[in-house]
Amino acid sequence: MNFNFKTYEVIVIGAGHAGCEAALASARMGCDTLLLTIDMDKIASMPCSPSIGGMAKGQLVKEIDALGGQMAKITDSSAIQYKTLNTRKGPAVHSTRTQNDKTLYSKNMKAVIERTKNLDLKQAMVQELLLENNTVTGIIDHTGFEYKTQALVIATGTFLKGMVHIGASKIAAGRAGEFSSISLAQNLAMLGFNMGRMKTGTPPRIHADSIDFSKFDIHNSDSLPKPFSFSTTEIVNPMLPSFMGRTNQTTHEIVRDNLKFSALYGGHIKGSSARYCPSFEDKIVKFPLRDSHHIILEYEGMDSKEIYASGLGNSLPLEIQYKVVRSVEGLETADIMRPAYAIEYDYINPLELSSALETKRVKRLFLAGQINGTSGYEEAGAQGLWAGINAACAIQKKKPFILDRSQAYMGVMVDDLVTRGTKEPYRMFTSRAEYRLLLREDNADLRLSRIGNALGLVDDDTLNFCREIQAQTAKEIQRLKKTIIKPTRKVNDFLLSKETNPITNGVKLEQLLKRAELDYASVKEICPQPSPVLERAEYQVEIQIKYEGYILRQLNEIKKYKNLEKINIPKNFNYSQTHGLSNELKEKLNQVLPKSLGQASRIDGMTPAAISVLMVAISAFTTKNKA
């Protein structure tokens, strides 16, 4: 029986980090939106590490916030530890990471969703998509109930044919203790999508009272924690420490002796694993000469006794997990509350997607998160925001929302996925971003708030504040470039106190700030500002002057990049008839269907010679069709 009493403009399947951002973006843009989840008590769940951010991932969270997403705000409301990573390096790679109370994170996100206008939340397991003329028109849930829609976002995480592995034990589950979505996976395969299997995992959770924390090095939160969201004015939760220890040769021997019982090495798992986040068995096998590996113990919540044992993720039987855990100094009497496990799940090759994260095979169908072959809450959240915005844009007949590689880390990620695809869980790294000096955490809102405001996701006050920061930054840079400091005794005494050379001639303030020994506060002490400057603007001034040469170099590189992006490839261009291209490149070009010569240049295996051939062929094709 069908029930068509309401047609939603956008439906989102899955209420993980991708689904929540997608649904909130769509609803906030004015679309009547429905968010469906298998379990309403597990919204924005943190089944692996209860943490947000980290290297490059922190940049993604800041960008979600800058565009009007929710992840950073929920992070600040539930954080129990803050760390700024890479502080000894340049600002391009500074990244924020938090440890979070996972129950509070989920609770706070659910509260936001339930209170959001235009957004309905319902519990259901989707089994089938409804299509007309190759366009999504609705879904059918496990009870046969039908929901009509004009656009659909699928953000199913690890639930598509999810299979949990603990040794030889196999449990059909999207996460431990939760249903696996089998019918929807079968339906997507029947529609012809190119699907594969991936594998991820999570370590054991240990009871805090069974741990001797004195045997571990304590790591406290930053003394002056910096909020994730640009809008957060106060950090409300108490900060909790984490603890670092190491495995030993006994630990490693236990794993080596029992590899045949591991689901990963016992042949039970076929899905692709992440190279960059190996399980403990992987570490022992792939790094046999290592004497030990790091373990980090982190609280899962303020009122919880569960301790997340980062670094001990495995797929061994529980009895062997006990031996492994208890071989570590300080964990001799450890009590495992939840065993470690590996999980396999279906994903769709992201080469099936356009740059809007819309499938090429089915119109108005968008995919976000681990279904696209990615790994991590932050990558999922960024894709969810992207897909939700584009679903709303499709309904509202607006041009697609697409950021390029020079605008945002999420632009790099989406371009990587839809241009190169992935055969292993994709994780964001700072090294993937060519223009990372311009795509910093500290300027995410300055880069993206204007775009968020145009979409209706960022309010005018926030936009005006960003404009004020930019105006003050520009004005202060001009002051530093024009103001000349004379070699007075007072000035030189100050410079000597900072262990930098005195001056003998007049020097511009800008030149003093470029000295490694001096910062903006030092320059301000030598020559105070005529009027107050916001702290955010001061920091921007320091970065832009100290790294001016590098920034100019990247801006020039972006100009070259943009020139290739401007050369559009006609939709009806025939790669198969382009002479001078290898058959392999023709096949890849026909699969990706790049929008521009710039995107074509980033396809794996593309050469400068092939780009020249394409440029000539596109020019000839365009001229011929104009005639």
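Keep in mind it's a predicted model, so treat the numbers as computed, not measured. Because only heavy atoms are used, hydrogens play no part in the values below, and waters and symmetry mates are left out as well, while side chains stay in.
Qualifying salt bridge (charged side-chain N to carboxylate O under 4.0 Å, His left out) partners for Arg427, counting only residues two or more places apart in sequence or in other chains: none. The salt bridge (charged side-chain N to carboxylate O under 4.0 Å, His left out) check on Asp222 picks up nothing, with sequence neighbours excluded. Residues satisfying the side chain to side chain donor-acceptor pair (under 3.5 Å) test with Thr462, not counting sequence neighbours, are Asp459. For Glu542, there are no salt bridge (charged side-chain N to carboxylate O under 4.0 Å, His left out) partners two or more places apart in sequence or in a different chain. For Arg338, the side chain to side chain donor-acceptor pair (under 3.5 Å) partners at least two apart in sequence or on another chain are Glu306. Qualifying side chain to side chain donor-acceptor pair (under 3.5 Å) partners for Ser169, counting only residues two or more places apart in sequence or in other chains: none. With sequence neighbours excluded, the residues that form a ring pair (Phe, Tyr, Trp, His ring centres under 6.0 Å) with His293 are His252. Shown here are the salt bridge (charged side-chain N to carboxylate O under 4.0 Å, His left out) partners of Asp65, two or more places apart in sequence or in another chain: Lys73. The ring pair (Phe, Tyr, Trp, His ring centres under 6.0 Å) search around Phe429 returns Tyr276, not counting sequence neighbours. Contacts of Phe213 classified as ring pair (Phe, Tyr, Trp, His ring centres under 6.0 Å), with partners at least two apart in sequence or in another chain: Phe243.
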Item to check | Criterion salt bridge (Lys or Arg N to Asp or Glu O under 4.0 Å) on Glu114 and Lys110, from CA distance to verdict | outcome: CA-CA 6 Å; Glu114 289 177 336; Lys110 184 171 186 279; 2.6 Å; yes
Checklist entry - Taking it one step at a time, do Glu300 and Lys305 satisfy salt bridge (Lys or Arg N to Asp or Glu O under 4.0 Å)? => result CA-CA 8 Å; Glu300 294 226 324; Lys305 289 290 186 178; over 6 Å; no
Checklist entry - For Tyr82 and Asp76, what are the C-alpha separation, side-chain angles and deciding distance, and is it a side chain to side chain donor-acceptor pair (under 3.5 Å)? => result CA-CA 9 Å; Tyr82 283 85; Asp76 287 332; 2.6 Å; yes
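Side chain of Gln99 to backbone of Tyr299: a donor-acceptor contact under 3.5 angstrom is found. Although no hydrogens or angles enter the test, the distance criterion places a donor-acceptor pair under 3.5 Å between the side chain of His142 and the main chain of Met125. Using modelled atom types, no side-chain atom of Glu344 and backbone atom of Lys199 make a donor-acceptor pair closer than 3.5 Å. In this structure, the side chain of Ser375 does not engage the main chain of Tyr426 through any donor-acceptor pair within 3.5 Å. A donor-acceptor pair under 3.5 Å links the side-chain atoms of Asn248 to the main chain of Thr251, judged by distance alone. When atom types are taken as modelled, the side chain of Lys170 and the backbone of Gly167 share no donor-acceptor pair closer than 3.5 angstrom. Listed for the Tyr409 side chain is no donor-acceptor partner under 3.5 Å among the backbone atoms of Glu441. No donor-acceptor distance shorter than 3.5 angstrom exists from the side chain of Asn314 to the backbone of Phe280, with no hydrogens or angles considered. Under a 3.5 Å cut-off, the side chain of Ser449 and the backbone N or O of Leu446 do not form any donor-acceptor pair. For the pair Ser26 (side chain) and Ala22 (backbone), a donor-acceptor distance under 3.5 Å is absent.
Remark: Ile64 CD1 to Thr75 OG1 distance equals 8.5 Å, nearest 0.5 Å. Note that OG1 of Thr33 is 6.0 Å distant from CG of Leu119, once rounded to the nearest 0.5 Å. Here the CZ atom belonging to Arg326 is positioned 10.0 Å from the CD1 atom belonging to Ile206, to the nearest 0.5 angstrom.
Using a 3.5 Å distance cut-off with no hydrogens or angles, the side chains of Ser315 and Ser262 do pair a donor with an acceptor. Counted by atom type alone, Ser242 and Glu298 present zero donor-acceptor pairs between their side chains at under 3.5 Å. Asn372 and Gln383 share a donor-acceptor pair across their side chains, judged by distance under 3.5 Å alone. Checking Gln59 against Ser95 by side-chain atom types alone, a donor-acceptor pair falls below 3.5 Å. For the residue pair Thr98 and Gln81, no side-chain donor N or O sits within less than 3.5 Å of a side-chain acceptor on the partner.
Proximity of Ile80 to Asn100: side-chain heavy atoms (C-beta onward) are nowhere separated by under 4.5 Å. Taking 4.5 Å as the limit, every side-chain heavy atom of Thr422 sits out of range of all side-chain heavy atoms of Asp416.
Contact detail for Tyr345 and Gly157: the closest heavy-atom pair is CD1-O, 4.0 Å. Minimum heavy-atom separation, Ser180 to Ala173: CB-N, 3.5 Å.
Cation-pi geometry between Lys260 and Tyr265 is not met at under 6.0 angstrom from the ring centre and within 45 degrees of the axis.
Counting only residues at least two apart or in different chains, ring pair (Phe, Tyr, Trp, His ring centres under 6.0 Å) contacts with residues 154-186 are absent. Among pairs with a residue in residues 99-124, those fulfilling ring pair (Phe, Tyr, Trp, His ring centres under 6.0 Å) read His17-Tyr105, at least two apart in sequence or across chains.
Salt bridge Arg246/Glu329: absent, no basic N to carboxylate O contact under 4.0 Å. Between Lys226 and Asp442 there is no salt bridge, since no side-chain N of the basic residue sits under 4.0 Å from a carboxylate O of the acidic one.
Within a 6.0 Å sphere centred on CE of Met239, heavy atoms belonging to other residues, nucleotides or ligands number more than 12.
Aromatic rings of Phe145 and Tyr147 (six-membered ring for Trp) have centroids within the 6.0 Å cut-off, being under it.
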